[in-house]
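Values below: all heavy atoms of this structure, side chains included; hydrogens, waters and symmetry mates excluded.
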Amino acid sequence: MDSRRFGKYIVEREVLDEQRLEEITQRKTHSDNQSSLTERLKDSLRCTVPKLKHSVMSSLPVLYWLPKYSVWDYGMPDLISGISVGIMHLPQGLAYAMLASVPPVFGLYSSLYPALIYFFLEHHVISLSGHLLCSASWVQVAVATTVLGGLIQVALGLVKFGFVGTYLSEPLVRAYTTAASAHAVVAQLKYIFGVSPTRFSGPFSMVYTLKDVCSLLPCTHLPTLVVSAVSMVFLIAAKELNSFISPKLPVPIPVELITIVAGTLISAYTHLNRNYTISVVGEIPSGLSPPSVPDASLFGEVIGDAFALAMVGYAISISLGKTFALKHGYKVDSNQELVALGLSNAVGGFFQCFSVCSSMSRSLIQETTGGKTQMAAVASSLIVLVTILKLGPLFQELPKAVLAAIVFVNLKGMFKQHSDIVTLWKRSKIDLMVWLVTWVSTLLLNLDLGLVASILFALLTVIFRTQMPTYSVLGNVPGTELYVDIETHREARDVPGVTIFRSSATVYFANADLYIEALKEKSGLDISKMIIYKKRQEAKQRRRERRAERRAKRQAKKERRAAQRAAKHLSGAPVFSVEEEAGSWRNTCVDGDVTDREQQGCTERENGTVFIIPTTPRTPDRWEYLKGGEPDCTSLGSISELQEGDTTTLDSSSDDTLSRDLERISLGSLGKWTWDIHSIIIDLSTANFIDIVAIKTIKNIIHDFSEIDVDIYIACCQAPVVEQLELGDFFSETITKRSLFVSVHDAVLYCLNHRGATSIPRYEPSVDTYDGTKL
C-alpha cells in the first residue's frame with residue numbers, strides 16, 4: 001500500500017482572523033507594495049548599462065546566441081536540416097503562391113526574405129512558411145495586406161500586447177485553420193477541374209464559389225482532371241510509404257520535389273500545354289526583383305484581412321514556438337515573437353512576399369533532421385536563393401494541376417482536425433461549441449469576419465460561465481479541517497447552526513444579483529420577505545405598546561377617580577356623575593370585547609404562530625426560535641392573531657409582561673426556512689478580484705441578515721481581495737477585519753464559540769478546544 005496515505009500532521013494555533021493575521025505577519029500596506037507613478041516613470045526612462053544590454057539582447061537575440069555558436073557541435077546537423085527544409089520550400093512555395101492568387105515566383109520570395117529577417121529576431125527552432133490564405137487576387141492587394149498585417153503585429157508587440165494571443169484558444173485556432181483549409185480547397189477546385197468560375201468576395205463567398213464550380217462541372221477539362229488525379233494518388237501513396245520507412249532513413253524523402261520534377265519533365269516532353277491545353281505555371285523570372293512600396297490607398301480595403309492574418313499567424317506561431325520551447329527547455333517571449341513575425345511580414349511585403357507564419361510540417365522536419373539553431377534557416381534560404389537565381393525557368397512547364405494536388409494532399413492534416421469534434425464532445429461541451437461556431441462562422445463569413453465572430457463567442461462563453469457558476473453549501477469532513485460540497489460528498493457533515501456558502505467563480509457586477517439569489521436558496525432564508533414581515537410585526541407591536549400605554553393611563557385615571565369618590569364618600573354624601581358613569585360603562589364594554597376576541601384568536605389559530613422571546617435575562621439581544629405547535633396560552637397570556645390590520649390588544653392581565661418580553665416576532669410562518677441558522681460563512685477562496693458592485697452586494701448581505709440576527713463572516717480572502725475591500729471602503733465600525741478569517745475552519749470555530757454555546761450543543765469535529773486548532 002502506498003506509504004503516503006499514512007502521512008499525518010498536527011498543528012495547534014489560535015483562531016486567526018484577518019486583523020490578527022496582519023498583526024502576526026506584519027502585512028505591508030498598499031502604498032508600500034506599489035511605487036508611485038512618478039517613480040515608475042523615472043525607472044522606465046532610466047538608462048543603465050545592464051538595462052541597455054538586456055534591451056538590445058532581447059530585441060536582437062542573434063547577438064546573444066551567435067557568438068556562442070559551435071560549428072563543431074551544431075554545424076553539420078544544421079546544414080543537413082537546412083537542405084531538407086529548403087527542398088520542401090520549393091514545391092510548397094510555388095503551390096502556396098497559387099493559393100494566394102499571386103505568381104508562383106512570389107512563393108519562392110516568401111520562402112527567402114521572411115526567413116532571413118526572422119533569423120535576426122528569434123532564436124527558437126521553427127520554420128516560416130507562406131501558410132496563411134490571402135484573399136487578395138492581385139499582386140498589389142496581396143502586398144498591401146501582407147505589409148499592413150506585419151505592421152499590426154509590430155505595433156502590438158511594441159505595446160506589449162503579446163498576451164492577446166491567449167484569447168485565441170486551441171479549439172478556436174484548430175477550428176479556424178480547419179475552415180481555412182476548406183477555403184483553400186474551394187480555391188483550388190478550378191485548377192483541379194480546369195474550369196473558370198466567377199470570383200466572389202465577402203460573406204458567403206465560398207458558398208457562391210462552390211455553387212458556381214458545381215454548375216461548371218459538366219465543362220470539366222478531362223486532361224487537367226487526369227493530371228490532378230494521378231498527382232494526388234502518387235502523392236498520397238508516396239507520403240504513406242515515406243511515413244512508414246522514415247524512421248529508418250536519416251532524412252525524409254522529398255515527395256513534393258519528386259512530384260514537381262516528374263510533372264515538369266512529363267509536361268515538357270509531352271507538350272501538355274500545347275497538345276492538351278493544360279494550364280502550366282508559365283514564365284518564372286530569374287533573379288531577385290527590386291523592392292517596391294505598397295499602395296497605401298488599399299490599406300482601408302484590406303484591413304480586415306490584414307488583422308485576421310496578423311492574429312491567426314501570431315497564434316499559430318506562438319503555440320508552435322511554445323510547443324518546441326517546452327520540449328527543448330527554453331522560453332519564448334510572446335511580445336518579441338510578435339515583433340519578429342511582424343517585421344518578417346512587413347519587410348517581406350516590400351519584396352513581393354505574401355503573409356507568412358510558422359509551418360508545423362517544416363518545423364518538424366527541421367527538428368527531426370537534427371536542426372538545433374536558426375542557422376538551419378540560413379541554409380534553407382540559400383537553397384531557395386539558388387533556385388530563384390538559376391533554377392526558376394526550369395519549372396515553367398509545370399502544370400498548375402500538380403501544384404493544386406500538392407495543396408490538396410498537404411491539407412490532409414487540417415482535414416483530420418475534424419476528429420476534434422468527437423474528442424471535445426467527450427471532454428468539454430463548451431469547447432466543442434467554440435470549435436463549431438468558429439468553423440461555421442469562418443466558412444460562411446470568410447476569414448476576417450469569421451475570426452472576429454469566433455473571438456467574441458469565445459469571450460462570451462467565459463462571461464456565461466462566470467454568470468452561471470456552481471453554488472454549494474460546504475460540510476465538514478469528520479476528523480479534519482476540510483470542508484467540501486455536501487451534495488457531492490456523502491461523508492460531509494453539516495455544522496450545526498452554521499451555513500458555509502461558496503461560489504465556483506469570483507463575484508463581480510455580472511453575477512452579483514445571481515449570487516444573492518443563490519445564497520437565499522442555499523441558506524433557506526428568503527431574506528427580503530423576512531425583513532418585510534418583520535417590519536410589519538414590529539409596527540404592529542409598536543401600535544400594541546401605544547394602546548397599552550393609553551390603557552394604562554385610562555386605568556390610572558379611573559383609579560384616581562375611584563380614590564376621589566371614596567374620599568368624598570367618607571367625607572359626606574355621595575355625588576352621582578352621569579358623565580363619569582357613562583365613560584366607565586363604555587370602557588368596561590370595550591375592554592371586555594377585546595378580551596373575548598383575544599381568547600377566540602388563541603383557540604382558532606391554525607398554523608401555530610412562531611414567537612421569539614429572550615432566552616435569558618442576561619442576553620436580551622438573543623432570540624429563541626420556536627417553530628410549529630400551539631403555544632401555551634395560559635403561560636404566555638392571551639395573544640392576538642398576527643394578521644395585517646389587526647387592531648386588538650393583549651388583555652390587561654399580561655400587558656406589562658409581554659410588552660417587554662415579546663419584542664419581536666419570528667418569520668417561520670412565511671415558509672420553510674432553516675430556523676437554527678445563526679451564522680453564515682461566505683467562502684471567497686475562488687475570488688481573484690472584487691469590484692465596487694460586489695463590495696456593495698456583500699455589505700447589503702451583512703446588513704440584511706443582521707436584521708434577522710444572522711451573522712455573516714468571510715473566509716479565505718486572498719491578499720489582493722483584502723486590499724480591494726480596503727480601497728472600496730468595505731470596512732467600518734460595524735464591519736471590521738474581525739469578521740474576515742484566514743480559513744473556513746477558523747470561521748467555524750469562531751462561530752461555534754461565539755454563538756453556538758448558548759443555542760446549540762457544542763460541536764467538536766476534530767478539536768479539543770475552541771481557542772486553538774488541533775488537527
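- Contact check on Lys412 versus Glu240 returns a salt bridge, with a Lys/Arg side-chain nitrogen under 4.0 Å from an Asp/Glu carboxylate oxygen.
- Counting heavy atoms from C-beta on, the side chains of Asp683 and Leu474 come closer than 4.5 Å.
- Residues Val495 and Ile500 form a side-chain contact, since some pair of their non-hydrogen atoms from C-beta on lies under 4.5 Å apart.
- When all heavy atoms of Ser441 and Gly450 are compared, the closest pair comes out as OG-O, 3.5 Å.
- Counting only N and O atoms by type, the side chains of Tyr508 and Thr466 include a donor and acceptor under 3.5 Å apart.
- In this model, no donor atom of one side chain and acceptor atom of the other lie less than 3.5 Å apart for Glu517 and Tyr471.
- Atom CZ of Phe307 has 12 or fewer neighbouring heavy atoms from other residues, nucleotides or ligands inside a 6.0 Å radius.
- For the residue pair Ser743 and Asp746, a side-chain donor N or O sits within less than 3.5 Å of a side-chain acceptor on the partner.
- No donor-acceptor contact under 3.5 angstrom links the side chains of Ser58 and Asp333, judged on distance only.
- The 12-atom threshold is exceeded at NZ of Lys520, counting heavy atoms of other residues, nucleotides or ligands nearer than 6.0 Å.
- With no hydrogens or angles considered, a side-chain donor-acceptor pair links Asp78 and Thr373 at under 3.5 Å.
- Summarising the local packing, CZ of Phe464 is surrounded by 12 or fewer heavy atoms from other residues, nucleotides or ligands at distances under 6.0 Å.
- Proximity of Tyr118 to Glu337: side-chain heavy atoms (C-beta onward) are separated by under 4.5 Å at one or more points.
- Closest non-hydrogen pair, Thr438 versus Leu172, comes out as CG2-O, 3.5 Å.
- Minimum interatomic distance between Thr480 and His745 (heavy atoms only, all atoms of both residues): O-CE1, 4.3 Å.
- Rounding to the nearest 0.5 angstrom, the gap separating the NE2 atom in His489 from the OH atom in Tyr483 is 15.0 Å.
- The shortest distance between side-chain heavy atoms of Gln417 and Asp420 falls below 4.5 Å.
- Residues Val721 and Ala687 approach most closely at CG2-O, 3.5 Å, considering heavy atoms.
- Under the 3.5 Å distance criterion, the side-chain polar atoms of Gln153 are left unmatched by any main-chain donor or acceptor of Val339.
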Exercise. Run the side chain to side chain contact (heavy atoms under 4.5 Å, CB included) check on Val185 and Phe415 step by step: do they pass?
Worked result: CA-CA 10 Å; Val185 167; Phe415 291 134; 3.0 Å; yes
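- When side chains are defined from C-beta on, Cys716 counts as touching Val744, because their heavy atoms get closer than 4.5 Å.
- Between Ile421 and Leu436, some side-chain heavy-atom pair lies under the 4.5 Å cut-off.
- Closest heavy-atom contact between Leu411 and Ala184: CD1-CB, 3.6 Å.
- Looking only at atom types and distance, the side chain of Asn688 has no donor-acceptor partner in the side chain of Gln718 under 3.5 Å away.
- At a threshold of 4.5 Å between non-hydrogen side-chain atoms, the residues Tyr515 and Ile682 count as touching.
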